[in-house]
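A short write-up of the structure that comes next.
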Amino acid sequence: MWFLDRAALIRSFELMRRYADHPMDLADASLVAAAEALRTTSVFTMDRRDFASYRARIGRSWRRFEALSG
C-alpha cells in the first residue's frame, strides 16, 4: 500500500520541476513518485503520451514507463 505522504509530496514537486519543459501536473507526478517508491514502471493511465517521456528513478537508474490503459 502506498500513501502520498510528506516525502512523496516533496518528490512530486521535484518531478514537476524536473519536467517543467513538458508540464507535469500533480496527478502524474504522484503516480511517478508512487512508482518509484513501489519500484515499478507499470502504471495505469489514459495519458500514454506523457508517460512515454517520463522516467522513474529506481535505484541508480532511470527507467521508462510501461503505460497500461483500458
Side-chain angles (χ1 to χ4, degrees):
M1 186 174 289
W2 183 83
F3 296 97
L4 185 65
D5 59 9
R6 187 179 197 292
L9 186 60
I10 290 169
R11 178 64 182 144
S12 296
F13 288 131
E14 289 171 357
L15 288 162
M16 290 168 69
R17 279 191 298 274
R18 175 181 168 84
Y19 290 100
D21 62 328
H22 182 85
M24 174 188 265
D25 60 19
L26 183 58
D28 286 352
S30 64
L31 265 178
V32 174
E36 291 178 344
L38 297 171
R39 303 183 62 80
T40 186
T41 54
S42 296
V43 294
F44 182 83
T45 181
M46 301 304 279
D47 195 359
R48 297 176 70 92
R49 183 176 36 120
D50 284 344
F51 275 84
S53 65
Y54 301 152
R55 302 291 181 266
R57 185 180 65 202
I58 298 177
R60 293 180 182 208
S61 64
W62 291 89
R63 298 187 186 166
R64 298 180 75 135
F65 279 96
E66 176 187 358
L68 310 171
S69 62

Would Leu4 end up clustered with Ile10 when hydrophobic side chains under 4.5 Å apart are linked, directly or stepwise?
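Unlinked, Leu4 and Ile10 end up in two clusters.
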Can you hop from Phe65 to Ile58 via hydrophobic side chains spaced under 4.5 Å?
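Different hydrophobic clusters.
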Once rounded to the nearest 0.5 Å, what's the spacing between atom [atom1] of [X] and atom [atom2] of [Y]?
X: Glu36; Y: Thr41; atom1: CD; atom2: OG1; result: 11.0 Å
X: Thr45; Y: Tyr54; atom1: OG1; atom2: OH; result: 8.5 Å
X: Leu26; Y: Leu9; atom1: CG; atom2: CG; result: 6.5 Å
X: Arg63; Y: Thr40; atom1: CZ; atom2: OG1; result: 9.5 Å
X: Ser30; Y: Met24; atom1: OG; atom2: CE; result: 9.5 Å
X: Met16; Y: Arg18; atom1: CE; atom2: CZ; result: 15.0 Å

Asp28 vs Phe51, side chain to side chain contact (heavy atoms under 4.5 Å, CB included): CA-CA, chis, key distance, verdict
CA-CA 8 Å; Asp28 286 352; Phe51 275 84; 3.6 Å; yes
Electrostatic pair Glu14:Arg11 at N-O distance under 4.0 angstrom
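Salt bridge flag = yes for Arg11 with Glu14.
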Do the side chain of Arg55 and the main chain of Ala52 share a donor and acceptor less than 3.5 angstrom apart?
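A pair under 3.5 Å: yes.
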Donor-acceptor side-chain pairing of Ser42 and Glu66 below 3.5 angstrom
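On atom types as modelled, these side chains qualify, holding a pair under 3.5 Å.
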Considering all heavy atoms of both residues, which atom of Leu15 and which atom of Ala33 are nearest to each other, and what is their separation?
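Taking Leu15 first and Ala33 second, the nearest heavy atoms are CD1-N, 3.9 Å.
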Under 6.0 Å from the six-membered ring centre of Trp2 and within 45° of its axis: does the NZ or CZ of Arg39 meet both?
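Relative to the ring axis of Trp2, which defines the angle, Arg39 lies outside at least one limit.
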